[in-house]
Every structure is written in C-alpha cells, then in structure tokens.
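This report concerns only the one structure given below.
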Amino acid sequence: MNVLLCGDFDAAERARWQQALAAALPEARWLDEAAAQARPELAQAAVVANPPPGSLQGLPRLRLIQSLWAGVDRLLADPTLPAGVPVARMVDPAMNAAMAETALWAVLSLHRGFFEYARRQRAGRWQVHAQRRADEVNVLVLGQGEMGRHAAARLAQQGYAVHGWRRDGTPLAPLLAQAQIVVNLLPLTPETRGLLDAAFYAALPPQASLVNLARGAHVVDADLLAALDRGRLRHAVLDVFNTEPLPPSHPYWQHPRVTLLPHAAALTDPRSAAVVAAANLRAALAGAPVAHRVDRERGY
Ligand code: GLV
C-alpha cells in the first residue's frame, strides 16, 4: 500500500510520525508530497496533519484521507479537497486522556482560585479566600463528542456538578445561566463559529469562567476581553486562538485574568494514533467501513 504522509510538521515531528506509522503499518510504502506529485497514480491513501491546501488534489487512486488531528476544520476548508474521498478524523485514546487532564487542571484551578493565588504571589500578597466543595461548582461542557465526553466524565469523577450541551436543539441559555465554569470542546463548524460572543457571556452568571480548549474561532475576542475587563467574567483559560501563534502584541498575553497555553491542551500521541490510523488505512483498502468518518455536511 502506498500512503502519502503530509502536513505542517517540522523535520523531527515528521521523523517521529514516520517511525510510529512504519511500525504500525509495516506493509506500507510512504510517499512525501514531492513523490506523490511526481507519481500521482501511486497514492492510495493519505495521512495528513494540517496539510498545505491543494496537496490532496489530483491523486486519482486515493481511498482515504486520515487526519492526525482531531479537529478537521482546516482540512475541510480546503476547496481542493477531493469530493468523493472519505475523510477520517483522529480519535486517539491518549489524546482524549490528555484533554481530560487539561480540563481538570483548568477547572480545579478556577474552582480553588489557584490562578488568583498565583496573581497574589506576584504581588507579594498573603491572603486566603473562601474554599468551596467540588459538588458546589456547576461545570458546563460544550460539545459531547469524544473529547467532551471524556472531559465531562473526568470532571464528574472529581466530584463536580457537570452538565453537557451539544448542538442538537437543546436550549443553551438555561444551562449558561447555571454555569460557574464553561469548558468548550465543540467542533468548529459554521454554526459554532463565533458562538462565544457578547450574548453568550451575558447569559452566564456574574463571575463565571471560561476554558476554551476547542478552536480560537469559537471566541469573539473583543467580546471576551470586554467581559473580562468589565468584571463580568472572572477568568479565561485559553489554549486556542483566532491567530496562532498568538501575536506578541495580543492583549491576552499580559491580561491578568487570562491563562494561556500554546495550543498544547492535548497533542496527538504518535504511539497510539499510528495504530488507529493503520487500522483505518487497512480497512479502507480492503473496502471495509472506516472509523470516525467525517460528515462533510456537518463539518466534523
Ligand atoms: C488539535 O487541536 C486537534 O484538532 O488535533
């Protein structure tokens, strides 16, 4: 089987993936972009990580596009993505676990006020605040896919009062009105882009907090900054941004009520993800159904 491997990885990342994929799928021959362009009839499948737009067109024998990323919004935004070829997103158990850990760290830190204590340390201030129990904290998880469900289960295990929301017609406003911490794990689709806007923050009780682990484009940055600056929102933990890397001049960097990560909440783990990708590539080439196939209409 001839498989194109392409993405925006650096040389070290590419080597790591190459090694993990070769171990999981020893029967494959791996092509890079140049090899696939020189002999487009060779590529039977593609394993991709945010490939440059255009890199998957003109490959007549392609049977599967397997993403190494869980979120396929950038992949689907490529107008040259071949229409008839199934696309599968990555569902990696190690990534689900890492995302649940990050959600737990953020919720725990917000619940106990540890970000506030960090601020007080920088100010040299010794001051204790009240302590609540986990079951007194309402956490709303937006998105009930792989990551949303794993994060919600981990938070519930920790004793939080967890509620989940998905875009299935369930009204969001009553859930927002009760939420002290919102964890966003929605897929980015035309319907969810910009969902976290001024109306969304206004629907939360005063002093709620936001944890965005999904995509930057869910957030209207000006509205989030206004909600933080007016004291409407207590704190935001942000892993993803409208522009990545976050530009050095962006107000989030220095904002006292923002804690940020460099899109690192959950990385795909080559050791487990290569096994998932290999099973899907074998299925596709055998004409069997592939797992975690993306519904292009729905956008995830
Ligand atoms: C990370 O953001 C991913 O979609 O895998």
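As the structure lists them, so they are numbered: ligands from 1, and atoms in each ligand from 1.
Of all atoms in ligand 1, numbered sequentially from 1 with element shown, those under 4.0 Å from a heavy atom of Gly71 are 3 (C), 4 (O), 5 (O). Atoms of ligand 1 lying under 4.0 Å from at least one heavy atom of Met95, given by number and element, are 3 (C), 5 (O).
Taking CD of Gln121 as the reference point, atom CZ of Phe114 lies at 13.0 Å (rounded to 0.5 Å).
Considering backbone and side-chain atoms together, Arg215 places an N or O closer than 3.5 Å to an N or O of ligand 1. At least one N or O atom of His263 sits closer than 3.5 Å to an N or O atom of ligand 1. When only interatomic distances are considered, the shortest N/O to N/O separation between Ala214 and ligand 1 does not fall below 3.5 Å.
Defined by atom type and a distance below 3.5 Å, a donor-acceptor pair is missing between the side-chain atoms of Thr268 and Asp92. A donor atom on one side chain and an acceptor atom on the other are found under 3.5 Å apart for Asn184 and His218.
Note on ring orientation: taking the six-membered ring where Trp is involved, the planes of Tyr252 and Phe241 are tilted (angle from 30° to 60°).
For Asp8 and Arg74, the salt-bridge test passes: some basic side-chain N is under 4.0 Å from an acidic carboxylate O.
Given atom 5 (O) of ligand 1, the protein heavy atom at minimum distance is Ala70 N, 2.7 Å.
A heavy-atom separation below 4.0 Å is not found between Met90 and ligand 1.
Not a single donor-acceptor pair under 3.5 Å links the side chain of Asn50 to the backbone N or O of Leu75.
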